[in-house]
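Structure, as structure tokens:
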Amino acid sequence: MLFIDFSRCCERLEGTKGRLEMIDIVSREIPDLSDEELPIFVRFIMGRIFPDWSSQKLGIGPNLLYEAVRNVTGLQKSEVIDTINRTGDVGKAVEELLAVKTQTSLSAHPLELAEVYAGLTGIAAREGRTSQKEKIRAVMVLLNDARPLEGRYLARIMLEELRIGVGEGSVREAVAKAFSVDSALVEHAMQVLNDLGEVARLAKKGPSALSEVRLTPFHPVRMMLAQQGTIAEMIADHGAVAAEFKYDGSRFQFHKKGNWARMYSRRLEDVTGALPDVIQQLLTATDHDLIIDGEVIAVENDRPLPFQSVLRRFRRKHGIAEAQEAIRLIPNVFDILYLDGETLIDLPFSERRKKLEYAVRFFVAPQVVSDNADVIDATYKKALDAGHEGIMLKVPDSPYTPGLRGKNWIKIKPAVDTLDLAVIGADWGEGKRAHLFGSFLLACQSEGKLLPLSRVATGFSDEQLAEVYDLLKDTVISTLEKEVRFEPTLVFEVGYSEIQTSPTYDAGFALRFPRFIRIRDDKDIADIETLEGIRERYRRQLNNNGSRS
């Protein structure tokens with residue numbers, strides 16, 4: 001497939017509003033792709049380059065991309081940035097600049113889809129002191145051969161924000177339609193493999209290929225997610241539920257095969273090197289090959305420390321031994337996904353719990369199963385007294401659904417309601433904070449798009465604003481007067497008093513009295529709250545208000 005044909009497909013999708021029409025467009029494109037091109041197309045159409053399980057990163061930020069565009073077009077960098085600020089879209093700005101570039105490559109040739117992918121993987125592989133210059137040159141090679149329309153989508157793919165509104169759900173349905181397979185099979189295979197590109201390749205072979213997928217150690221899958229709820233609702237809906245402590249730590253996925261073990265963060269980054277003490281604790285706890293899900297907490301005098309103490313260890317790249325002395329970490333294991341060659345995610349939670357207790361001798365999280373609200377409430381109070389956030393309630397007969405936020409896991413905690421949202425923009429501060437970002441624009445997600453939901457300007461200390469500035473300064477996409485837009489890379493946890501309907505934001509809702517709680521750099525943009533989840537919270541809020549009136 002030529003990259004120009006991929007770009008034209010993206011352009012059609014960008015001009016399409018209906019989800020069913022989008023599914024139809026994608027489903028018509030993929031049947032004729034080769035086995036090599038199919039996974040690339042599927043990942044690219046969602047604005048991704050690498051499989052979701054891969055920790056590989058392109059390492060191209062806006063500034064590096066701007067420098068490459070400057071070199072290719074022969075313009076001043078200020079002219080490039082002015083064009084981006086005027087259009088408010090890096091992709092369309094690059095398209096416009098390539099259309100009028102004064103320098104053209106004598107060796108320009110039609111770009112192939114697989115060729116673009118090879119170029120991007122080559123960029124990701126560049127490391128060392130000269131890597132930035134090498135990355136710029138590699139980007140220039142691709143841009144030199146790119147037609148203006150190709151430049152629009154090439155730039156967006158490099159920043160992993162395609163902005164055409166095609167979400168994973170739509171692509172799953174398109175794959176199912178293209179190859180006449182059950183969409184539930186496609187979804188399940190995606191949960192197991194964590195790579196929709198590879199799932200598409202299997203779907204092309206037929207239903208049996210999808211049915212045979214299995215978990216593999218050292219190939220991490222997304223972690224199952226929880227939503228908010230109440231003890232009364234869970235017992236009313238399910239009877240007996242399993243209650244476990246809700247830890248204020250960092251999720252992990254531990255993989256072991258033989259004497260080899262790796263650990264992955266919530267974002268599926270390999271954090272083995274930063275946590276040798278946790279790895280060793282878990283190695284002493286089992287003799288089996290397995291994949292387990294849990295949460296690491298920091299402790300001092302047998303009391304849990306705040307979340308940020310754990311993150312300092314997860315981020316650590318140097319001085320690991322000293323950090324172990326300063327911050328003691330304890331794993332708490334609460335689920336098992338794979339055991340001695342057997343994939344377990346489709347088993348009921350109660351059965352997985354038995355296998356977990358059989359396979360892991362230590363560090364298994366305590367659990368109480370009951371249909372008595374008083375018993376569950378006592379467990380909740382015990383968790384709070386021990387210094388934990390609250391409790392998790394889990395449905396005993398539920399499967400493990402990687403990456404999905406459903407009603408089978410519910411979190412109960414006394415703190416103000418919070419949301420995890422993407423930071424997509426900011427306004428500069430005033431007075432002594434004029435050199436820092438002051439107010440931040442936040443977004444939820446819906447079918448491949450980030451929808452503005454609220455601004456937050458309170459809850460920050462000067463030190464936190466300085467930290468946020470350092471994290472965001474190199475991700476600026478455009479600037480217009482006091483307003484800045486970012487490549488979406490950072491997640492904020494934000495507290496609020498209530499959700500209101502609002503025509504001001506694209507999400508259709510706004511947060512009343514939003515307040516910054518903390519940076520969630522253990523979470524990826526894919527982990528932020530969905531618009532569907534916002535609607536559910538709003539519905540529950542209306543019901544609760546009605547019951548009090």
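- Using a 4.0 Å cut-off between charged side-chain N and carboxylate O, R28 and D24 make a salt bridge.
- Between E430 and K482, at least one side-chain N (NZ, or NE/NH1/NH2) sits under 4.0 Å from a carboxylate O, which counts as a salt bridge.
- Using the six-membered ring where Trp is involved, Y469 and W428 have ring planes that are tilted, between 30° and 60° apart.
- Between R251 and D527 there is no salt bridge, since none of the side-chain N atoms of the basic residue sits less than 4.0 Å from a carboxylate O of the acidic one.
- A salt bridge does not link R201 with D35: every distance from a Lys NZ or Arg NE/NH1/NH2 to an Asp or Glu carboxylate oxygen is 4.0 Å or more.
- A centroid separation of 6.0 Å or more is found between the aromatic rings of F509 and Y496.
- Within 6.0 Å of NZ on K77 lie more than 12 heavy atoms contributed by other residues, nucleotides or ligands.
- A salt bridge does not link E536 with R405: every distance from a Lys NZ or Arg NE/NH1/NH2 to an Asp or Glu carboxylate oxygen is 4.0 Å or more.
- Of all the heavy atoms in Q228 and R537, the pair that sits closest is OE1-NH1, 3.0 Å.
- Within a 6.0 Å sphere centred on NZ of K449, heavy atoms belonging to other residues, nucleotides or ligands number 12 at most.
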Report task. Go through the steps to decide whether E67 and R70 satisfy the test salt bridge (Lys or Arg N to Asp or Glu O under 4.0 Å), and finish with yes or no. Result -> CA-CA 5 Å; E67 183 65 22; R70 182 191 72 79; 2.8 Å; yes

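- Ionic pairing of E168 and R222 is present here: one or more N-O contacts between side-chain nitrogen and carboxylate oxygen are shorter than 4.0 angstrom.
- Annotation for I49 and R43: closest pair O-CD, 3.5 Å, computed over non-hydrogen atoms.
- Between the side chains of T272 and D270, at least one donor-acceptor pair of N or O atoms lies under 3.5 Å.
- Closest non-hydrogen pair, K135 versus G59, comes out as CD-O, 3.7 Å.
- In plain terms, the two heavy atoms of V494 and I517 that are nearest each other are C-CG1, 3.9 Å.
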